[in-house]
Amino acid sequence: MKNKQQSIRLLMCTMALSGLLLFEPSKTFAEPDNGKFFSSALDLRATNFFVEAAGGIAFPLFFTSQDFLPMTSYGGDFSFGLGYNFGGWLIGFDYNRSVYGEGRASGAPMENFVNNLFSFKLQRVISNTSWTWLPAWFEIVPGITFGVDFITTDYYASTRAKDEGRLTSIQFGQDGARCFFGKLTYENAFYFGTDLFIPYIEGDYNVFYDTSIGGGFAMFFTANLGVRSYPRGLFHKNKIKEALKLKKKEKLEKLLEKVEEQKTAPLVLIAEDDPTPISAGIISSIHKNFTPDNDGVNDTARLSLTVENISVIPQSWKIEILDPKGALFRSYEGKGMVPSYVDWDGKSFNGEEVFSMNRYGVRLTVIPSEEDQKRTGQKKVTAEDSIVTGIQMQVVIPDKQWKIIVNTIHFDPDRATFEKNSESQRKENLETLDSLTEQINAHPNCLITIEGYANNVTNTEREDREELIPLSNERAKAILELLVEHGLERKILTASGKGGATPLAAWEDRASWWKNRRVEFIVTKVE
């Protein structure tokens, strides 16, 4: 029982350690693999000799002639060997010893069963040189082994002998205790940045034919954690440098392929030692009159992106769209290559639509690779642009009613007059009124309701009743008069003040109170 518990603990440790190994410590794998099935004289190198050792668990041994009854309990397994890597083919010789505890089943005759395996092993390294989809730090190593098993054991020749305590001993090299055996192996190897230490996890299926203790095929499984080492790996430094340069070249070629396919942003690539600063660019396809109202005109803003003077793929990128007050309205982000463009539909994270006649900022931020950060000292690279919205008609009832929301008609504080407006406010008022008039004239046979809204600062009914509704009503009437002056017929216009009703921003969200101070134009088609 003690041996079994120790074996289980060893297996659990092996599995845990194998999980810890699943990370990417390097981009260059040192263990030779020519990527072809057959090796050639070019694969012969003095540095390709290796030694290895492994240890783990031996699972209970079975005999087919004994109805697969476990003859032993769990045991320990260890091995060591040496060999040569010929273009990815591992050719080696091993000594493997598995030691088992006493068989616990009633018909199990073994006391201390030991396999002494002397074998020839042939394995194949499959790295990302052979299968490019494999990560560079990970190898698959299947194999086959043949050899001789020298068995030693104390066993009971029969159930009666076991009951009477009469043991029979088999000594090392004894006639009839030498068996040919075969083994199928499977490894996963991991690279820590040096071929002096390449750990692996291994599972084996072993089978042999015994003639000394009743005869028949026997089989057992082992699970091991091992290490392979190329002692002359110190001489591989030049090979590793060459492989790094090759990987770098392959990366750049892939970058250019992506650019040609228009899947990523146009790039300007430079050498690793070029100190030229990195630059980025973002340009909107629409700078004015962005109206994402699904009328087929200027509904989508395409944000075209560029990155120049990089030598390695960036770590990440992010596009931020800022509302008129500079708060984050929408963002897009990703890892690696910057896309050639991103299309913005005019909506925020939560589906909120843009205000008419407002300016929205657009900012691109690129985090360069660690190599480019060291080369240029730039931790991030940014570019900016902006988009100005036009008069957007939001659909309320399809083909029947629309709504226009604006907040760019400026009044004097707490008044419905324009006497204290600055020159820029007067200009913005004029642009908004001109655009409103043009849009309404483009929709004949419609009635227009002008609704003024305010922000209820105290969040009380008294402020709304006594201050905001009267003020917003006067302002709505003033806008009506301005639209008449701009050529609209008075008979299609009505005005009312709503005060602090139906706020767009919650009272707790003080930074967004500006959204509540607005004018809504309800456009209704007359049948």
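Because only heavy atoms are used, hydrogens play no part in the values below, and waters and symmetry mates are left out as well, while side chains stay in.
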### Task
For Glu320 and Arg330, run salt bridge (charged side-chain N to carboxylate O under 4.0 Å, His left out): C-alpha distance rounded to whole Å, both residues' side-chain angles, the deciding distance at 0.1 Å, then the answer.
CA-CA 6 Å; Glu320 298 171 290; Arg330 181 73 178 267; over 6 Å; no

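- Geometrically, Arg302 engages Tyr341 in a cation-pi contact, judged by NZ or CZ lying under 6.0 Å from the ring centre and within 45° of the ring axis.
- In this structure, Phe290 and Trp344 have tilted ring planes: the angle between them lies in the 30° to 60° band.
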### Task
List the steps, then state whether side-chain contact (heavy atoms from CB on, under 4.5 Å) holds for Trp133 with Asn128.
CA-CA 6 Å; Trp133 52 269; Asn128 70 337; over 6 Å; no

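- Donor-acceptor pairing under 3.5 Å is recorded for the side chains of Ser386 and Arg359.
- The distance from atom CG of Leu117 to atom CG of Asp149, rounded to the nearest 0.5 Å, is 4.5 Å.
- Taking the six-membered ring for Trp and thresholds of 30 and 60 degrees, Tyr84 and Phe86 have ring planes inclined between 30 and 60 degrees apart.
- Neither side chain, Asp204 nor Tyr186, offers a donor N or O lying under 3.5 Å from an acceptor on the other.
- Counting only heavy atoms from C-beta outward, the side chains of Gln315 and Lys335 never approach each other to under 4.5 Å.
- Proximity of the aromatic rings of Phe190 and Tyr200 is defined here by a centroid distance below 6.0 angstrom, and this criterion is not met.
- Between Phe113 and Phe208, the ring-plane angle classifies as parallel under the 30° and 60° cut-offs.
- A distance-only check finds a donor-acceptor pair linking the side chain of Asn224 to the backbone of Gly56 [under 3.5 Å].
- Donor-acceptor pairing under 3.5 Å is lacking for the side chains of Thr300 and Asp343.
- Side-chain contact check for Leu90 versus Glu31: some heavy-atom pair is nearer than 4.5 Å.
- Counting only distance, with no hydrogens or angles, the side chain of Ser284 and the backbone of His287 share no donor-acceptor pair below 3.5 Å.
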